[in-house]
Amino acid sequence: MALQLHDSLSRSLRPVTPSQDDGVYRFYNCGPTVYAAAHIGNFRSFVVNDIIRRMLELEFGADKVRHVRNLTDVDDKTIRRAREEKRPLTEVTQEWTAKFHADCAALNCLIPHVEPAATDHIPEQVNMIQVLMDKGNAYRAADGSVYFKVSSFDNYGRLSRVKERELKAGSALEAGNTGKDTSSVDADEKEDGTDFALWKAWKPEDGDVKWDGPKGTFEGRPGWHIECSAMSKKHLGATIDLHTGGVDLLFPHHENEIAQSECCNDTEFAHHWYHSEHLLVDGKKMSKSLGNLYTLDQLKEMGHSPVALRYVLLAGHPRKQLNFMLSSLTAAEKALQTLRGFRAAIANQTGDPAKFDGVFDALRDDLNTPAALGALFGIINRGTGDADAATFDRIMFAIGLDLTPPAETIIEIPADITALAEKRWAAKQAKDWPAADVLRAEIITAGWTMKDRKDGYDLEPSRQ
RNA sequence: GGCGCGGUCGCCAAGUGGUAAGGCCGAGCUCUGCAAAAGCUCUAUCGGCGGUUCGAUUCCGCCCCGCGCCUCCA
């Protein structure tokens with residue numbers, strides 16, 4: 001079975017194949033906006049993309065995959081953050097980029113081949129906007145901003161099936177079920193409500209964040225969507241094999257990218273579109289207002305490991321909303337232990353690679369990670385038999401689970417606890433069971449767990 | 001209002017037109033003085049009502065409930 005992925009444009013499962021003669025598969029994954037720590041929902045999409053990357057490597061070879069993921073380092077949010085903290089924009093974005101990289105590493109994500117930043121590609125974006133203006137697909141508004149003229153692109157709305165972006169009677173906004181502030185939406189200067197910004201003229205609140213714009217426009221900065229069009233073209237070419245991101249990017253972001261790129265390049269932008277679904281927390285989308293937003297650091301502070309989070313993210317189908325619960329992390333830690341135990345049990349054993357075919361089949365079938373995990377445990381439950389260690393490791397590579405046991409944390413054991421443990425051990429050696437039991441109870445009360453071995457014991461702090 | 005998704009064991013979660021994977025929790029057992037660890041065993045008829053079919057959890061229709069996007073969010 002060949003690798004197949006769902007394609008959002010045709011809404012069907014389509015095989016994944018390189019379209020260019022060099023056999024290199026090119027894919028672009030919309031990356032983070034670096035203004036704060038990414039939350040675990042963001043990481044769901046990056047982990048899913050990491051599995052795509054890994055599956056592509058297994059499918060075509062590591063040297064036949066080109067993976068690009070951008071960094072959005074200039075937009076309203078980054079600028080606001082810098083202004084609030086009275087720091088230069090680059091200082092803020094570099095800080096959060098470093099944090100993002102650290103989190104990705106902790107989650108065992110492979111590093112993209114290219115990680116272009118928007119601010120490093122201003123000329124490319126300006127050029128693209130220039131072309132669009134020259135072709136009549138974009139216009140300059142009175143304030144010097146440039147907008148894309150949606151009506152100039154017939155295919156607009158094909159991806160999202162949203163033909164009109166205007167507010168209609170009965171829309172969410174009209175219905176009043178929104179408390180969001182729409183005053184900052186740059187609607188004033190647009191010829192049509194559906195048009196979107198390619199270039200945003202400088203405003204006082206932008207501070208020193210500004211660049212020269214296309215000819216005849218004012219200083220300013222690029223709109224959000226254009227960076228992906230420009231950077232994808234620069235690093236992967238006018239037509240790419242796959243473009244990915246979270247569902248929320250489907251509209252307007254990806255719809256707009258298609259419009260810009262296809263009008264500019266006169267060729268298909270992406271052969272294949274893949275969108276991962278949202279991670280929900282306690283049944284709702286994460287949001288600061290609901291207070292159900294978690295970062296990797298927060299989970300670590302609660303004593304959970306990044307691998308456990310990765311496992312939890314794998315436990316749901318990537319294209320289905322996944323309901324995250326903290327208890328899932330505990331379940332994941334246990335499952336991971338089983339995996340580690342199995343791996344240790346088969347050590348360097350060789351066996352029948354075909355034994356694990358079901359796991360790879362599930363993965364190749366639109367990245368069905370939960371089914372793959374199910375198949376894996378099904379095999380594990382039938383015993384170590386002729387399990388092939390190398391094949392097992394390939395599975396771990398594919399889903400990116402690092403089974404290396406978490407580094408032994410050095411824990412200071414208080415002297416009084418050690419003393420109690422020594423006394424109990426002595427009582428046990430003397431077969432004075434009542435005394436031993438009393439001492440065990442005392443140790444437990446003190447918050448520690450004494451685990452006996454044949455030749456000694458271990459002490460661990462009791463988990464809350 | 002438009003577009004889309006989902007409702008499967010206590011929790012998480014796959015799946016198929018022929019009576020439902022897996023993980024966690026729980027229960028019982030084995031092994032250990034106890035505990036821990038490990039091993040074994042056990043636990044669902046798939047939101048509701050109709051329809052199609054020899055047969056539906058799986059296809060169609062309606063209803064109920066939940067979620068997402070439509071607003072520079074992964």
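Lettering of chains follows the sequences in order, A, B, ..., and the numbering in each one begins at 1. In what follows, every heavy atom counts, from backbone to side chain, and hydrogens, waters and symmetry copies are set aside.
- Considering only the side chain of A:F251, B:C70 comes nearest among B:C70, B:C12, B:G4.
- Under 4.0 angstrom from either OP1 or OP2 of B:C12 there lies at least one side-chain N or O belonging to A:N323.
- In this structure, A:F324 atom CZ and B:A13 atom C1' are separated by 15 Å, rounded to whole Å.
- Nucleotides B:G15 and B:U58 are separated by 9 Å at their C1' atoms, to the nearest Å.
- With both pairing distances under 3.5 Å, B:U19 is matched to nothing as a Watson-Crick or G-U wobble pair.
- Taking atom CE of residue A:M450 and atom P of nucleotide B:A37, one finds them 16 Å apart after rounding to whole Å.
- Atom CZ in A:F342 sits roughly 13 Å away from atom P in B:G23 (whole-Å rounding).
- Distance check on atom P: B:C64 versus B:C73 gives 33 Å, rounded to whole Å.
- In this pair, A:F377 and A:Y311 present their aromatic rings perpendicular. The plane angle is above 60°, beyond the 30 to 60° band.
- Ion pairing between a basic and an acidic side chain is recognised when a charged N comes within 4.0 Å of a carboxylate O; A:K190 and A:D192 show no such pairing.
- Residue A:L279 is classed as a base contact, given a heavy-atom separation below 4.0 Å to a base.
- When distances run from any side-chain atom of A:H278 to the nucleotides B:C73, B:G68, B:C11, the shortest one goes to B:G68.
- You'll find that the side chain of A:N381 is closest to B:G22, out of B:G22, B:C24, B:G6.
- A straight line from CG of A:L339 to P of B:G22 spans 15 Å, rounded to a whole angstrom.
- In the set B:A74, B:C69, B:A35, the nucleotide with an atom closest to the side chain of A:N42 is B:A74.
- On the P atoms, B:U8 is 11 Å away from B:A14, given to the nearest whole Å.
- The side chain of A:T338 has B:C24 as its nearest neighbour among B:C24, B:C12, B:A74.
- Side-chain proximity of A:H317 to B:A14, B:C25, B:G33: nearest is B:A14.
- An OP1 or OP2 oxygen of B:A74 is reached within less than 4.0 angstrom by no side-chain nitrogen or oxygen of A:N49.
- Taking only distance into account, the side chain of A:D437 meets the base of B:G33 through a donor-acceptor pair shorter than 3.5 Å.
- RNA chain B is contacted by both A:G374 and A:L280; A:G374 maps to the nucleotide lying nearer its 5′ end (nearest heavy atom per residue).
- Taking the six-membered ring for Trp, A:H254 and A:H275 have ring centres closer than 6.0 Å.
- Using a 4.0 Å cut-off between charged nitrogen and carboxylate oxygen, A:D366 and A:R14 do not count as a salt-bridge pair.
- Between B:U57 and B:U45, the two P atoms lie 12 Å apart (nearest whole Å).
- Of the two residues near RNA chain B, A:K285 and A:L322, the one whose nearest nucleotide lies more 5' is A:L322.
- Backbone-only contact: A:G283 has heavy atoms under 4.0 Å from sugar-phosphate atoms and none from a base.
- Looking at the side chain of A:R161, the nearest of the listed nucleotides B:C3, B:A35, B:C73 is B:C3.
- In this entry the distance linking CG of A:L329 with P of B:G23 reads 18 Å, nearest Å.
- At a cut-off of 3.5 Å, with distance as the only test, no side-chain donor of A:Y35 or A:E95 sits close to an acceptor on the other residue.
- When both pairing distances are held under 3.5 Å, B:G10 makes a Watson-Crick or G-U pair with B:C24.
- Across B:C73, B:A36, B:G68, the shortest atom-to-atom separation from the side chain of A:K451 is found for B:A36.
- B:U57 is unpaired under the Watson-Crick or G-U wobble criterion, no partner having all donor-acceptor distances under 3.5 Å.
- In this structure, A:E333 places its CD atom 19 Å from P of B:C12, rounding to the nearest Å.
- Comment: A:K99 engages A:D297 in a salt bridge, judged by a side-chain N to carboxylate O separation of less than 4.0 angstrom.
- Counting non-hydrogen atoms under 4.0 angstrom, A:G245 reaches the backbone sugars and phosphates but no base.
- Residue ring and nucleobase are not stacked for A:F377 and B:G22 under a centre distance beneath 5.5 angstrom and an angle between planes beneath 30°.
- Residues A:F46 and A:F100 place their aromatic rings such that the two centres sit under 6.0 Å apart.
- Look at the C1' atom in both B:G10 and B:C34: the space between them is 30 Å, to the nearest Å.
- Considering only side-chain N and O atoms, A:K428 lies nowhere under 4.0 angstrom from the phosphate OP1 or OP2 of B:A35.
- Using N1 to N3 plus N6-O4 or O6-N4 for Watson-Crick, or N1-O2 and O6-N3 for G-U wobble, each under 3.5 Å, B:G39 pairs with B:C29.
- Rounded to whole Å, the distance from NE2 on A:H253 to P on B:U71 is 15 Å.
- Nearest nucleotide to the side chain of A:P370, out of B:A13, B:C34, B:C11: B:A13.
- Between the base of B:A74 and the side chain of A:R44 there is no donor-acceptor pair shorter than 3.5 Å.
- With rounding to whole Å, A:L373 atom CG is found 13 Å from B:G15 atom P.
- Note on A:R81 versus A:D75: no salt bridge recorded, every NZ/NE/NH1/NH2 to OD/OE distance being 4.0 Å or above.
- Pair assignment for B:C62 gives B:G48, based on Watson-Crick or G-U wobble hydrogen-bonding distances that are each under 3.5 Å.
- The base of B:G68 does not come close enough to the side chain of A:R319 for any donor and acceptor atom to sit less than 3.5 Å apart.
- Between B:G4 and A:R11, a contact under 4.0 Å exists linking OP1 or OP2 to a side-chain N or O.
- Look at the C1' atom in both B:G22 and B:U43: the space between them is 15 Å, to the nearest Å.
- Listed nucleotides B:G7, B:G22, B:G33 differ in distance to A:K320; the shortest reach to its side chain belongs to B:G7.
- Taking the P atoms as reference points, B:G50 lies 26 Å from B:A44, given to the whole Å.
- A salt bridge is absent between A:E277 and A:R319; no separation between the charged side-chain nitrogens and carboxylate oxygens falls under 4.0 Å.
- Nucleotide B:C69 forms a pair with B:G2, judged by Watson-Crick or G-U wobble geometry with both contacts under 3.5 Å.
- Annotation: B:C9 and B:C5 have their C1' atoms spaced 23 Å apart (nearest Å).
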